Amino acid sequence: MRGIFTISQLTIHEALRKRVLLAALLLGLAFLILFALGIYFMNRELIETSRGPETQAQRALVYIFLTMAGLYAVNFLMVMMAALLPVDTLSGEIRSGAIQSLVTKPLRRAEIVLGKWLGFWVILAGYLLLMGGGVLLIARLVSNITPPNIAVGLGLMLLEATLLLTISIAGGTRLSTLANGVLVFGLFGLAFLGGWIEQIGSLFQNETAHYIGIIASLLVPSESLWQLAAYNMQPSLMRDMTLTPFSPASVPSNMMIVWALGYILIVLLIGLWSFRTRDL
Amino acid sequence: MNYAIETFSLRKEFGAKVAVADLTLNVQRGEVFGFLGPNGAGKTTSVKMLLGLVAPTSGDARVLNAPLGNVPVRAKIGFLPEHFRFQDWLNGREFLDLHARLYGMSSAKRQTSIGALLKRVDLQDAANRKLKEYSKGMLQRIGLAAALLNEPHLVFLDEPTSGLDPLGRLIVRDVIQELRAQGTAVFLNSHLLSEVEITCDRVAFVKNGRVVRETSMRETSNVTDVELIVKNSTPRLLRELEQFGKNVRQLNGSIHLETENETHIPEINRWLVAQGVDVYKIGAAKPSLEEMFLAVMGEDARAG
Ligand SMILES: Nc1ncnc2c1ncn2[C@@H]1O[C@H](COP(=O)(O)OP(=O)(O)O)[C@@H](O)[C@H]1O
Ligand SMILES: [Mg+2]
């Protein structure tokens with residue numbers, strides 16, 4: 001256990017020292033400012049053009065739509081961070097040989113992998129809290145509206161990031177940094193595309209497309225988790241519209257969460273095994 | 001006998017490439033053991049197997065009485081890797097502190113031993129500079145310090161002098177002598193023969209994944225190398241010379257053999273004459289470590 005925490009600390013320390021986090025924070029900040037400006041001016045316009053009580057509900061929908069758009073962008077930032085931050089951590093240290101001075105210490109190889117995993121997980125959770133929290137806070141300040149079930153929604157977004165993080169860590173035990181990056185983004189892309197094929201398939205009631213999508217989301221459940229998060233964070237009125245990109249025509253079942261948890265566990269175990277059994 | 005290292009026919013193949021063919025050796029506790037040989041001889045792979053970095057294809061070993069891959073025993077082992085790449089975004093002191101924490105050392109213990117080691121490897125002035133800014137020699141010295149943090153019972157040094165200037169080499173030599181005085185065993189890999197390797201208690205010469213020669217540095221002085229130049233040397237003659245000594249071989253037109261008893265020299269002479277062999281020269285010399293080294297290194301030594 002001590003070993004895991006030492007490695008986690010080291011991981012976080014390294015991300016801070018190498019200014020990776022600084023870059024991510026600046027990018028995030030720029031995004032939040034953009035979002036704040038957008039929703040602020042939109043709000044001013046809406047207040048001027050619609051006054052009657054009947055438009056109150058419509059306005060709420062617009063705010064929630066904007067908030068969802070903001071969270072969707074946060075989701076992309078999270079995907080990038082989850083895939084890229086850890087992509088080089090094992091493969092790079094294996095290639096350079098720096099890993100040798102860790103592995104010969106009195107700690108299990110599993111502790112190194114888990115320590116890195118935990119370190120990045122803490123970074124991702126913090127980043128999500130900051131960015132997701134920022135979007136929600138800005139939306140609330142401007143419009144006094146907060147989408148429902150935000151804890152569940154943010155939790156699912158974190159689960160998605162955790163899934164990609166785990167793939168990135170596990171891939172790094174054997175692949176070069178470049179191959180690992182291709183793997184993680186490839187799998188994410190597969191899930192993303194599959195998710196849309198599934199949506200469009202169910203919209204036009206095309207069974208084949210629907211099933212292709214489901215298979216893709218079983219192979220890589222990342223996109224389904226976002227869809228589930230988006231589904232949870234919008235009011236029923238908006239869910240029924242099915243026209244916005246955040247209102248899935250086919251809602252992933254809650255079993256997808258169980259599958260994602262199992263998936264993470266399996267990929268993590270594969271990563272641990274793969275690192276334990278390789279020559280360094 | 002309680003050995004620091006015991007290996008039993010360790011072998012490592014990387015695909016078709018045999019890096020270590022058959023390594024059987026013992027290193028005693030407190031002994032400074034030199035593992036010498038040309039580049040590619042299998043020295044690093046051997047050390048990696050002993051440290052659990054690389055799994056042997058076959059064979060077995062015990063390190064400080066623990067089986068290969070044992071985790072707790074690593075608290076008593078120090079290691080300076082050959083291609084030392086460290087966490088170069090840390091400064092010297094942070095780097096040592098990280099490694100001390102990985103050894104599970106208490107904060108008080110870390111404080112004192114890091115200060116002492118920085119001084120020992122002459123890096124006090126660079127302690128607050130990032131490793132990124134260190135020269136190769138400085139990195140090697142900070143790596144040496146990291147290998148000694150835990151007051152190990154056994155230290156592996158893989159080519160510890162390859163990046164060092166003469167002054168740096170003297171530091172390594174003195175550190176090794178201090179370790180010996182403290183009863184720490186040292187396993188020293190090297191393809192060089194400098195003042196450092198000469199301080200070993202015992203050396204093994206490796207080539208192509210095999211130990212070709214193992215000798216105690218104290219024993220070497222008893223051995224006499226006999227050189228003969230005769231008119232017609234036959235395989236049979238070489239075979240029969242083995243009654244006088246070992247390692248009979250033909251080298252650059254002369255016959256060499258090793259004997260531990262100098263009275264054999266006149267006996268060899270008499271025997272040769274009795275056999276009707278024309279003797280042109282008979283000479284005796286103590287083989288130096290350099291000669292053994294050159295004999296093993298062959299072309300490699302001259303190239304380097
Ligand atoms: N990971 C590896 N894959 C393939 N061949 C290797 C690997 N590591 C070492 N070798 C080969 O094994 C031989 C021994 O290498 P090494 O143990 O590094 O020798 P030394 O340390 O004596 O220079 C060399 O021929 C080297 O090319
Ligand atoms: Mg080597």
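The structure displayed is predicted, hence computed values, not measured ones. Chain identifiers are assigned alphabetically (A, B, ...) following the order of the sequence lines, protein sequences preceding nucleic acid strands; residue numbering begins at 1 within each chain.
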Would you compute the distance between atom CG of B:Leu102 and atom CD of A:Glu111 and round it to the nearest 0.5 angstrom?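 Answer rounded to 0.5 Å: 10.0 Å.
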Chain B neighbours within residues 13-28 of chain A, where any heavy atom lies under 4.5 Å away: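 Hits under 4.5 Å: A:His13, A:Glu14, A:Arg17, A:Lys18.
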With chain B as the partner chain, list the residues of residues 266-279 of chain A whose heavy atoms fall under 4.5 Å from it, by residue number, and write 'none' if nothing qualifies.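 Within residues 266-279 of chain A, near chain B: A:Arg278, A:Asp279.
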I need the full list of side-chain hydrogen bond (donor to acceptor under 3.5 Å, both in side chains) pairs touching residues 66-82 of chain B, with sequence neighbours left out, sorted by first then second residue.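 Checked against side-chain hydrogen bond (donor to acceptor under 3.5 Å, both in side chains) - neighbours excluded - the pairs reaching residues 66-82 of chain B are B:Thr44-B:Glu82.
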If I compare all heavy atoms of B:His99 with all of A:Ser101, which pair ends up nearest, and what's the gap?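 Taking every non-hydrogen atom into account, CE1-OG, 3.4 Å.
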Output the option from B:Ala55, B:Pro81, B:Pro72 having the highest count of non-hydrogen pairs under 4.5 Å with chain A.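 Going by pairs under 4.5 Å, I would pick B:Ala55.
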What option among B:Phe79, B:Phe86, B:Tyr103 has the most heavy-atom pairs under 4.5 Å with chain A?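 Highest number of heavy-atom pairs under 4.5 Å: B:Tyr103.
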More than 12 non-hydrogen atoms from neighbouring residues, nucleotides or ligands closer than 6.0 Å to [atom1] on [X], yes or no?
| X | atom1 | result |
| --- | --- | --- |
| B:Glu13 | CD | yes |
| B:Lys119 | NZ | no |
| A:Arg95 | CZ | no |
| B:Gln111 | CD | no |

Any pair with a residue in residues 31-46 of chain B that passes salt bridge (charged side-chain N to carboxylate O under 4.0 Å, His left out), sequence neighbours left out, goes on the list, sorted by first then second residue, please.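 Pairs touching residues 31-46 of chain B that pass the test: B:Glu31-B:Arg202, B:Lys43-B:Glu159.
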As an exercise: rank A:Ile7, A:Val103, A:Leu102, A:Leu10 by heavy-atom pairs under 4.5 Å with chain B and give me the winner.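 Sorted descending by pairs with chain B, the first entry is A:Leu10.
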Pick one of side chain, backbone, both or neither for [X], based on which atoms fall under 4.5 Å of a heavy atom in chain A.
| X | value |
| --- | --- |
| B:Leu80 | neither |
| B:Lys130 | side chain |
| B:Phe14 | side chain |

Is the closest side-chain heavy-atom distance between A:Ile99 and B:Leu53 below 4.5 Å?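 No, every pair of side-chain atoms sits at 4.5 Å or beyond.
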Considering only heavy atoms from C-beta outward, does the side chain of A:Gln100 approach that of B:Lys48 to under 4.5 Å?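 A:Gln100 reaches B:Lys48 side chain to side chain.
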Any donor-acceptor N/O pair, A:Arg2 side chain to B:Arg101 backbone, under 3.5 Å: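 Checked: pair present.
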